[in-house]
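To find a chain, count down the sequence lines: A is the first, B the second, and so on, and within it residues start at 1.
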2 protein chains.
Amino acid sequence: MEDICRDIFQAHQDTIKVKKEAVGIKNLINIYNATLKLSNTKGFHAMTLRDLAKETGLSLGALYSYFSSKEQLLGIIQEQGYQLTSRILTGALEGVTTPEKRLSTAIRTHLYLSETMQPWFYFFYMEAKHLGKEDQKKAITSELYTEQLYTGILEQGVKTGAFRSHNTLLTASVIKAMLQDWYLKRWKYSRRKVGVDVYADFVCDMVNTYVRP
Amino acid sequence: MEDICRDIFQAHQDTIKVKKEAVGIKNLINIYNATLKLSNTKGFHAMTLRDLAKETGLSLGALYSYFSSKEQLLGIIQEQGYQLTSRILTGALEGVTTPEKRLSTAIRTHLYLSETMQPWFYFFYMEAKHLGKEDQKKAITSELYTEQLYTGILEQGVKTGAFRSHNTLLTASVIKAMLQDWYLKRWKYSRRKVGVDVYADFVCDMVNTYVRP
DNA sequence: GTCTATAGTGCGATAGAC
DNA sequence: GTCTATCGCACTATAGAC
């Protein structure tokens with residue numbers, strides 16, 4: 001969390017009026033956490049800056065030292081998320097060579113990441129349509145990028161004979177759908193005390209059963 | 001569409017000030033279509049009643065002859081959707097006895113229904129969190145009801161030996177996730193020219209492969 | 001760096017003419 | 001049954017004190 005906010009602090013020094021890094025990062029963490037909490041309960045649009053001021057303990061004026069408009073606040077959070085996701089996914093797959101291992105690593109990494117950053121992932125999904133035209137394209141690119149990652153692994157597997165021949169694009173799509181369900185319906189799974197490990201095993205099992213020769 | 005609106009017209013004669021059924025239904029269709037169109041593009045909260053007036057061709061004052069508040073408009077659409085979904089699903093399964101047939105019928109009916117009523121389903125999913133506390137409970141009940149339907153079919157199949165023993169609750173969850181992906185990501189599937197039949201075959205195939213003995 | 005106070009805008013909802 | 005006109009309110013964003 002602190003790392004994310006340090007990145008943002010340094011990347012947006014033009015719009016962030018606060019100069020001391022320690023103060024800036026502390027408040028950014030506060031603001032983003034509050035934004036995610038409020039947005040994920042009632043929606044970003046329904047969250048007013050007065051709500052946000054109350055939740056953070058900052059004043060309206062102080063908030064505007066950290067972003068130039070409500071819309072920009074939305075954009076910043078989204079953008080940071082895509083970068084982080086693709087960076088971590090790509091990193092986790094480095095050095096993993098066999099298709100079976102790559103598939104299971106990608107699925108598990110994605111699930112564990114969305115587990116620790118659940119509010120962020122939920123936010124990306126639900127607020128994507130409220131973005132400006134420019135940012136909306138980035139959202140679509142991000143969705144297709146991770147899907148492409150799975151398609152690539154599956155096709156590699158078909159080629160090497162590790163997987164049987166099948167519709168890799170549709171398989172990748174439903175893998176994504178299953179991963180997304182994990183962070184979109186957290187209320188359901190936590191109520192049932194289904195942990196991320198159990199869910200990860202299940203998804204890997206179902207996909208493996210389907211694609212194995 | 002006309003049937004749905006006739007149901008609503010008759011069920012809400014207390015809040016709908018228009019008395020002539022022909023006029024009432026014609027405008028209700030107009031209003032709900034416009035609401036779905038605008039909400040699904042920019043979100044229900046971001047849609048103003050002035051947007052809605054422009055889209056329907058009605059005035060602000062006229063709109064209020066068909067609902068008592070913006071919030072109630074949201075509630076009416078949601079409620080009607082649940083009733084329709086459960087009615088159609090239950091009806092489709094009537095007389096279908098073997099677990100294999102029941103499973104495939106449920107999946108296909110759900111997909112075909114969400115295909116013809118895509119804007120409604122998308123709306124239910126994305127706007128559920130903006131509902132009042134009362135209506136939110138109904139949304140959760142509805143989600144769990146359809147899931148329960150799949151769990152029931154799967155358990156019956158395990159008992160009769162048609163399916164192997166497996167985690168039926170998680171299987172039902174991911175079936176729902178796959179069905180939801182169909183109407184949540186329509187832009188993706190239609191861009192790729194994947195039709196509902198192809199998708200339905202795929203989902204049935206994947207689930208069957210997983211649960212067969 | 002953060003505050004309070006407020007300007008300016010656009011909303012949901014209503015009243016009353018037609 | 002539908003319209004126009006308008007009220008009161010809550011919002012985003014800013015200006016200036018501390």
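- Two rings, from A:Phe202 and A:Tyr199, have their centers 6.0 Å or more apart.
- At the heavy-atom level, A:Gly57 lies under 4.0 Å from the strands shown only through sugar-phosphate atoms.
- Contact annotation for A:Tyr66: backbone-only contact, meaning every heavy-atom pair under 4.0 Å involves sugar-phosphate atoms and none involves a base.
- At a cut-off of 3.5 Å, with distance as the only test, a side-chain donor of B:Thr146 or B:Lys176 sits close to an acceptor on the other residue.
- Contacts of B:Thr48 with the nucleic acid, taken as non-hydrogen atoms under 4.0 Å apart, involve only primed sugar atoms and P, OP1 or OP2.
- In summary, the side chains of B:Gln118 and B:Tyr122 do not present any donor paired with an acceptor at a separation below 3.5 Å, with no hydrogens or angles considered.
- Backbone-only contact: B:Leu58 has heavy atoms under 4.0 Å from sugar-phosphate atoms and none from a base.
- Using a 4.0 Å cut-off between a side-chain N of Lys or Arg and a carboxylate O of Asp or Glu, A:Arg192 and B:Glu147 qualify as a salt bridge.
- Checked against the 6.0 Å centroid criterion, the rings of B:Phe67 and B:Tyr64 qualify as a close aromatic pair.
- If you take CG of A:Leu52 and C1' of D:dC11, they are 14 Å apart, rounded to a whole angstrom.
- Overall, the helix from C:dG1-D:dC18 to C:dC18-D:dG1 carries an axis bend of 0° between its ends, with five pairs at each end and the value rounded to 10°.
- Salt bridge status for A:Asp51 with A:Lys54: absent, with no side-chain N to carboxylate O gap under 4.0 Å.
- In this structure, a donor-acceptor pair under 3.5 Å is present between the side chains of B:Tyr112 and B:Asp197.
- No donor-acceptor pair under 3.5 Å is formed between the side chain of B:Asp135 and the backbone N or O of B:Gly75.
- Using a 4.0 Å cutoff to heavy atoms of chain B, the contacted part of DNA chain C runs 5' to 3' from C:dC11 to C:dT14.
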